[in-house]
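Okay, structure first, notes after.
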Amino acid sequence: MPESHQVLNEVVIDRGLYSGVCMVDIYCDDFFVTTVIGDGVIVATPTGSTAYAAATGASIVAPSVPCFIIAPICPHSLSFRPIMVPLNCVLKCKLHEDARGSGLISFDGRHRQDFTKDHVVEISASEYPIPCIDKEGSMPDWFNGLQNTLMWNKRSATQKPNEKK
């Protein structure tokens with residue numbers, strides 16, 4: 001039986017110690033989407049959108065939005081931007097047939113292991129949703145969390161706009 005992981009934030013496939021680019025093919029419901037050429041790719045949940053995926057320039061996504069975020073890590077193409085796909089699709093990732101090296105895969109930053117041409121990772125929504133307790137309701141809690149934890153769109157009182165003298 002294949003190895004299975006429950007992931008809350010993200011699955012990361014990266015080039016590891018290999019100095020060349022990583023080439024990862026991505027499929028959505030067995031439809032070929034693209035080949036990621038760069039340092040790797042992150043497949044994140046909305047919960048994980050405030051972590052590593054945000055550092056790649058991906059959008060921060062509300063937890064109530066049912067989606068996966070596909071975010072390239074340092075892509076070789078300037079036009080390759082993070083995208084969101086529906087949560088009900090099944091994503092498959094594997095190294096491209098012309099990939100020169102292997103990579104590494106991790107699940108929420110743990111269980112880091114080799115990712116070779118023999119491997120295919122299948123990513124789908126869990127059948128076990130995580131219940132959350134909201135103090136003020138899901139959206140107010142989420143926005144308060146963004147503002148208080150990430151300082152989203154906040155300026156300190158000591159910062160003043162440029163004034164003309």
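Note that the numbering runs from 1 along the sequence shown for the chain.
Of all heavy-atom pairs spanning Pro46 and Cys67, the tightest one is CD-O, 3.2 Å. Residue Gly103 comes nearest to Leu95 through the heavy atom pair N-CD1, 4.2 Å, listed as atom of the first residue, atom of the second, then distance. Closest heavy-atom contact between Leu8 and Thr47: O-CB, 3.8 Å. Smallest separation of non-hydrogen atoms from Ile26 and Cys93: CG1-SG, 4.2 Å. Across all non-hydrogen atoms, the minimal contact from Ser49 to Ser59 is CB-O, 3.6 Å.
For the atom pair Asp114 CG and Thr116 OG1, the distance stands at 7.5 Å (nearest 0.5 Å). Between the OG atom in Ser4 and the CD atom in Glu122 there is a gap of 10.0 Å [rounded to 0.5 Å]. Ile70 contributes atom CD1, which lies 14.0 Å from atom CD of Glu10 (distance to the nearest 0.5 angstrom). Of the inter-residue distances, the one linking Leu17 atom CG with Leu104 atom CG reads 6.5 Å to the nearest 0.5 angstrom.
Looking at heavy atoms from C-beta onward, Leu87 lies out of side-chain contact with Thr45 at the 4.5 angstrom threshold. No side-chain heavy atom of Ile42 sits under 4.5 Å from any side-chain heavy atom of Ile69. Between Gln113 and Ile105, some side-chain heavy-atom pair lies under the 4.5 Å cut-off. Under the 4.5 Å side-chain criterion, counting only non-hydrogen atoms from C-beta, Tyr18 is not in contact with Ser102. By the 4.5 Å heavy-atom criterion applied to side chains, Trp142 and Val61 are not counted as neighbours. By the 4.5 Å heavy-atom criterion applied to side chains, Arg81 and Pro72 are not counted as neighbours.
Residues Val21 and Val33 do not share a hydrophobic cluster, clusters being chains of Ile/Leu/Val/Met/Phe/Trp/Tyr side chains in contact below 4.5 Å. By the criterion of side-chain heavy atoms lying less than 4.5 angstrom apart, applied directly or through intervening Ile, Leu, Val, Met, Phe, Trp or Tyr residues, Met23 is not grouped with Val41; the two fall into different hydrophobic clusters. In this structure, Ile13 is not a member of the same hydrophobic cluster as Ile37, with clusters built from ILVMFWY side-chain heavy atoms closer than 4.5 Å. Residues Leu150 and Phe143 fall within the same hydrophobic cluster, defined by Ile, Leu, Val, Met, Phe, Trp and Tyr side chains chained together at heavy-atom separations under 4.5 Å.
In this structure, Lys117 contributes its side chain and Asp98 its backbone to no donor-acceptor pair below 3.5 Å. Judged by distance alone, with hydrogens and angles left aside, the side-chain atoms of Thr56 form no donor-acceptor pair with the main-chain N or O of Ile73 at under 3.5 Å. Proximity of a side-chain donor or acceptor of Asp108 to a complementary backbone N or O of Val7 within less than 3.5 Å is not detected. The backbone N or O of Tyr128 sits less than 3.5 Å from a side-chain atom of Ser126, completing a donor-acceptor pair.
Qualifying side-chain hydrogen bond (donor to acceptor under 3.5 Å, both in side chains) partners for Ser124, counting only residues two or more places apart in sequence or in other chains: none. For Arg112, the side-chain hydrogen bond (donor to acceptor under 3.5 Å, both in side chains) partners are Asp14, not counting sequence neighbours. Applying the ring pair (Phe, Tyr, Trp, His ring centres under 6.0 Å) rule to Phe80 yields no partners; only residues at least two apart in sequence or on another chain are considered. In this view, His96 satisfies the ring pair (Phe, Tyr, Trp, His ring centres under 6.0 Å) rule with no residue, not counting sequence neighbours.
Ring planes of Phe107 and His111: tilted class, angle from 30 to 60°.
Residue pairs meeting the ring pair (Phe, Tyr, Trp, His ring centres under 6.0 Å) criterion with at least one partner in residues 29-59, sequence neighbours excluded, are Tyr27-Phe32. For residues 18-45, the salt bridge (Lys or Arg N to Asp or Glu O under 4.0 Å) pairs, not counting sequence neighbours, are Arg15-Asp39, Asp30-Lys92.
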